[in-house]
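Notes follow the structure.
Just so we're on the same page: letters track the sequence lines, and every chain starts at 1.
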Amino acid sequence: MCGRFSMAIDSDDLQTALALGQMPDDWKRRYNIAPSQPVAAVRDPETKRVEWLQWGLVPFWAKDPAIGSRLINARSESVFEKPSFKYAFRKRRCLILADGFYEWQKTSGKGSRPFYFSMRSGEPFAFAGLWEFWQPKDQPGEALTTCTIITTAANESVAPVHERMPVILRKETMWDWLNESGETALLSMLQPIPADWLRAWEVSRAVNDVRQDGPECAEPVSNSPA
DNA sequence: CCAGACGTTGTT
DNA sequence: GTCTGG
DNA sequence: CCAGACGTTGTT
DNA sequence: GTCTGG
């Protein structure tokens, strides 16, 4: 699954690395992005403009936007058929920008151990995402633009920690996620990234607390890789 | 037909 | 909006 | 994902 | 135990 991630590089560096368009003017390095918070995303492959979307998909038909807190991920295996995701999968795909993500390993005792995963190259990347626009019947001011991250089976790097991982799109193919329209082609992109593209290490439980958002969240707790 | 749900993860 | 269960 | 709340009545 | 908010 993917319930926390980081986007800790500068706006200019990100823009250059992924050849993005206009960046938000209120950029901030983030080491601990949690559901319900703004995430940097691209919806338009022409402008490649980066904008903030709220993490946690609220389908356009939702009566209660609180449903978003449970729709932070969408399974790649069923995203084309689930009522909550099927419309967005056809019409509203997005790239969610990141430079690392966290997974928690269940322990036999209490608590769990967080691990940090990033590209071996150190480069930023894009998760395959979906977005929705929602507004209540009576109060147009309360409109939300929300998103969710698609997950897939864990590769060999992530599997020791957790069974699921986010779909990471490579630089070379990320724009296809927005440009393609055929279901088969789209679904074929939702594969686990090769294991050796990732690096991993255990981090402190500081990341558990959403108020902690500094570099310490992503720093190795020891020098032992996962 | 209407009413009610619509999700993932993990755990049992 | 659409699907499932009753 | 984790952490923290989870309720009503009545009073301030 | 489950739901909501961050």
Side-chain donor/acceptor of W131(A) to backbone N/O of L53(A), under 3.5 Å: no
Excluding sequence neighbours, so at least two apart, what forms side chain to side chain donor-acceptor pair (under 3.5 Å) with E51(A)? R43(A), R49(A)
List every contact pair, protein side and nucleotides 2-7 of chain D side both N or O, where the distance is under 3.5 Å.
| from | atom 1 | to | atom 2 | distance (Å) |
| --- | --- | --- | --- | --- |
| dC2(D) | OP1 | S112(A) | OG | 2.9 |
| dC2(D) | O4' | R4(A) | NH2 | 3.2 |

For R120(A), salt bridge (Lys or Arg N to Asp or Glu O under 4.0 Å) partners two or more places apart: none
side-chain hydrogen bond (donor to acceptor under 3.5 Å, both in side chains) pairs, two or more places apart, involving residues 59-73 of chain A: none
Q105(A) has an atom CD; how far is it from atom C1' of dT11(B), in whole Å? 16 Å
I'd like to know if the side chain of S118(A) reaches the main chain of G122(A), judged simply by a donor and an acceptor atom lying under 3.5 Å from each other, with no hydrogens or angles considered. no
Pair listing, salt bridge (charged side-chain N to carboxylate O under 4.0 Å, His left out) test, anchored in residues 5-22 of chain A, at least two apart: D10(A)-R29(A)
Write out all pairs satisfying ring-ring contact (aromatic ring centres under 6.0 Å, His included) with one or both partners inside residues 66-98 of chain A, taking only residues at least two apart or from two chains. F60(A)-Y87(A)
Pairs in or reaching into residues 20-58 of chain A: which pass ring-ring contact (aromatic ring centres under 6.0 Å, His included), with residues at least two apart or in two chains? F5(A)-W55(A), W27(A)-W52(A)
With a non-hydrogen cut-off below 4.0 angstrom, is T148(A) in contact with a base, only sugar-phosphate, or nothing? nothing
E163(A) CD: over 12 foreign heavy atoms closer than 6.0 Å: no
Taking atom P in both dT2(E) and dC6(B), compute the distance separating them and give it to the nearest angstrom. 14 Å
Using the P atom as the reference point in each nucleotide, state the distance between dC1(D) and dT8(B) in Å, no decimals. 12 Å
Show the atom names and distances, to 0.1 Å, of all donor-acceptor pairs under 3.5 Å that link a side chain in residues 166-175 of chain A to residues at least two apart or in another chain.
| from | atom 1 | to | atom 2 | distance (Å) |
| --- | --- | --- | --- | --- |
| K171(A) | NZ | E123(A) | OE2 | 2.8 |
| T173(A) | OG1 | R170(A) | O | 3.4 |

By salt bridge (Lys or Arg N to Asp or Glu O under 4.0 Å), which residues pair with R93(A), not counting sequence neighbours? none
Which is the 5'-most and which the 3'-most nucleotide of DNA chain E that has an atom under 4.0 Å from a heavy atom of chain A? dT4(E) to dG6(E)
Atom CD1 of I150(A) and atom P of dT9(B): how far apart are they, to the nearest Å? 12 Å
Look at all strands and tell whether S84(A) reaches a base, only sugar-phosphate, or nothing, counting heavy atoms closer than 4.0 Å. sugar-phosphate
Assess the residue pair R75(A) and T151(A) against the criterion (side chain to side chain donor-acceptor pair (under 3.5 Å)); give the C-alpha distance rounded to whole Å, side-chain angles, the decisive distance to 0.1 Å, and a yes or no. CA-CA 5 Å; R75(A) 292 178 64 90; T151(A) 63; 5.8 Å; no
Using the C1' atom as the reference point in each nucleotide, state the distance between dG4(B) and dG6(E) in Å, no decimals. 29 Å
Could you tell me whether F85(A) contacts a base, only the sugar-phosphate backbone, or nothing, with contacts defined as non-hydrogen atoms closer than 4.0 Å? sugar-phosphate
Main-chain N/O of P136(A) paired with E142(A) side-chain donor or acceptor, under 3.5 Å: no
Each stem that DNA chain B is part of, given as range with range (3 or more consecutive Watson-Crick or G-U pairs, under 3.5 Å): B:1-6 with C:1-6
Pick the P atom in dA3(D) and in dG7(B), then give their distance to the nearest Å. 27 Å
Looking at DNA chain E, which of residues 60-72 of chain A put a heavy atom within less than 4.0 Å of it? S69(A), R70(A)
S157(A) side chain vs A195(A) backbone, donor-acceptor pair below 3.5 Å: yes
